[in-house]
Amino acid sequence: MEVKVYQNKVKVAKEFSKFLIEKSSNKKVFHIALSGGSTPKIVFDVLAEEFSNDVDWSAIHLYWGDERCVAPDDEESNYRMTVEHLISKVDIPEENIHRIKGENDPKLEAKRYDHLLEKELPKELGLPQFDLVLLGMGDDGHTASIFPHEINLWISPDNCEVAIHPESGQRRVSITGRIINNAKTVVFLVTGDSKSEKVRIIIEREEGYLKYPASHVSPKTKDLIWFLDAAAAQQLTIDQS
Ligand SMILES: O=C(O)[C@H](O)[C@@H](O)[C@H](O)[C@H](O)COP(=O)(O)O
């Protein structure tokens, strides 16, 4: 695991963009699962507005690690957020975009997306393998849409599950631990003061850390990088690069 700390969100966005360019360069196809929420917005803006000419978008295939069970034009939709901050600004072929269809019946959509990952992704150890899974982390230590109250979903035998937001009751479709930990590379993008306590507990493996789903992210390749701003990293005592 590598922990990279940068002064602010814009710097995190710039450094992640350079990381993505390096990882995806010279690849004929690059399968990436995107995170949702608010953190990626600035990252996608910077990637699209400052670095898009350095990316071969024809090779990039976009998937989502999770999606809210809402229409694609709903303000809650991770797909809509990605269109507004990235897809609408770059020349990525329509056929390279593999959204989770939040408007569908959640259980049926989880099955459909599960099968899509089996069909579209290369296999490693018999499981679909992303080149890169981008994750956020909630203040409660959730990641993708695996929340602490449903941590059992992490070990699901399926690639995708239907999850429920603990406060709003909103249903979501999420990829599960077996897919996340089978990725070649996993990146956490975490910024802001509100994340600093869980960042410390999870990265420093403090007592009780395993109750937080984000602590179970441990790719078999060991290629796990935390991109943090100073605010999210402020409670860390370990060495940071
Ligand atoms: O659909 C979602 O909300 C995300 O995929 C979720 O896992 C997100 O990454 C965290 O909740 C952090 O969200 P913020 O970036 O908004 O803090």
Side-chain angles (χ1 to χ4, degrees), residues 6 8-10 12-13 16 32-47 62-87 98-103 106 109-110 113 130 132-151 153-154 156 159-177 179-181 183 186-199 201-203 212-217 224-234:
Y6 300 101
N8 53 48
K9 290 185 181 182
V10 172
V12 167
F16 173 73
I32 176 171
L34 300 176
S35 61
S38 56
T39 302
K41 290 177 183 175
I42 187 164
V43 176
F44 294 166
D45 284 336
V46 167
L47 176 60
L62 299 181
Y63 303 76
W64 277 260
D66 65 324
E67 180 60 277
R68 292 82 181 278
C69 293
V70 295
D73 60 355
D74 188 296
E75 62 182 16
E76 278 281 297
S77 164
N78 288 332
Y79 168 73
R80 173 178 158 174
M81 180 274 285
T82 312
V83 169
E84 286 173 353
H85 294 273
L86 180 64
I87 294 171
H98 311 278
R99 73 180 179 92
I100 298 174
K101 297 180 179 175
E103 68 274 24
E109 181 56 17
Y113 211 67
F130 280 108
L132 173 61
V133 171
L134 188 54
L135 295 173
M137 185 191 72
D139 296 359
D140 61 357
H142 82 259
T143 194
S145 277
I146 311 288
F147 293 90
H149 77 296
E150 291 183 314
I151 198 159
L153 295 181
W154 182 265
S156 164
N159 300 331
C160 298
E161 283 281 0
V162 177
I164 297 181
H165 191 281
E167 274 114 52
S168 67
Q170 182 186 65
R171 287 186 295 176
R172 306 209 175 159
V173 172
S174 179
I175 60 176
T176 57
I179 291 293
I180 291 169
N181 284 341
V186 180
V187 163
F188 269 113
L189 277 181
V190 183
T191 61
D193 288 319
S194 68
K195 310 289 173 76
S196 60
E197 185 202 33
K198 296 297 184 303
V199 161
I201 292 170
I202 290 167
I203 287 182
Y212 304 115
S215 71
H216 294 261
V217 175
L224 169 62
I225 305 107
W226 290 76
F227 279 75
L228 305 172
D229 67 355
Q234 63 186 292

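First listed ligand is number 1; within each ligand, the first listed atom is number 1.
- The aromatic rings of His142 and Phe147 are tilted relative to each other, their planes meeting at an angle between 30° and 60°.
- Interface atoms of ligand 1 facing Asn78, defined by a heavy-atom separation under 4.0 Å, are 1 (O), 2 (C).
- Protein heavy atom nearest atom 15 (O) of ligand 1, with residue, atom name and distance: Thr39 OG1, 2.6 Å.
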**Message:** side-chain contact (heavy atoms from CB on, under 4.5 Å), that's the test. Do Ile175 and Asn159 meet it? Break it down for me.
**Reply:** CA-CA 6 Å; Ile175 60 176; Asn159 300 331; over 6 Å; no

**Asked** Between Tyr79 and Ile100, does a side-chain contact (heavy atoms from CB on, under 4.5 Å) hold up when you go through it step by step?
**Response** CA-CA 8 Å; Tyr79 168 73; Ile100 298 174; over 6 Å; no

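- Going from atom CD of Glu67 over to atom CG of Asn78 covers 4.5 Å, rounded to the nearest 0.5 Å.
- The nearest heavy-atom contact from the protein to atom 13 (O) of ligand 1 is Gly37 CA, 4.1 Å.
- When the options Met137, Arg172, Gln170 are ranked by their closest heavy atom to atom 12 (C) of ligand 1, first place goes to Met137.
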**Item:** side-chain contact (heavy atoms from CB on, under 4.5 Å) between Val10 and Ile42, worked out
**Value:** CA-CA 7 Å; Val10 172; Ile42 187 164; 3.5 Å; yes

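- Protein heavy atom in closest approach to atom 17 (O) of ligand 1: Lys195 NZ, 2.6 Å.
- Atom 4 (C) of ligand 1 has its closest protein heavy atom at Asp66 OD2, 3.4 Å.
- Comparing heavy-atom distances from atom 6 (C) of ligand 1 across Gly138, Ser35, Ala144 singles out Ala144 as nearest.
- The shortest N or O to N or O distance between Thr143 and ligand 1 is not under 3.5 Å.
- Atom 3 (O) of ligand 1 has as its closest protein heavy atom Arg68 NH2, 2.7 Å.
- For atom 8 (C) of ligand 1, the nearest protein heavy atom (residue, atom name, distance) is Gly36 O, 4.0 Å.
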**Request:** Show the numbers, then the answer: is there a side-chain contact (heavy atoms from CB on, under 4.5 Å) between Thr143 and Trp154?
**Result:** CA-CA 10 Å; Thr143 194; Trp154 182 265; 4.1 Å; yes

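- Remark: minimum distance from atom 11 (O) of ligand 1 to any protein heavy atom is reached at His142 NE2, 2.8 Å.
- In terms of modelled atom types and a separation under 3.5 Å, the side chain of Arg172 and the main chain of Ser145 share no donor-acceptor contact.
- What sits closest to atom 9 (O) of ligand 1 on the protein, heavy atoms only, is Gly136 CA, 3.3 Å.
- Taking the six-membered ring where the residue is Trp, Tyr113 and Tyr63 present perpendicular rings, their angle passing 60° and hence far from 30°.
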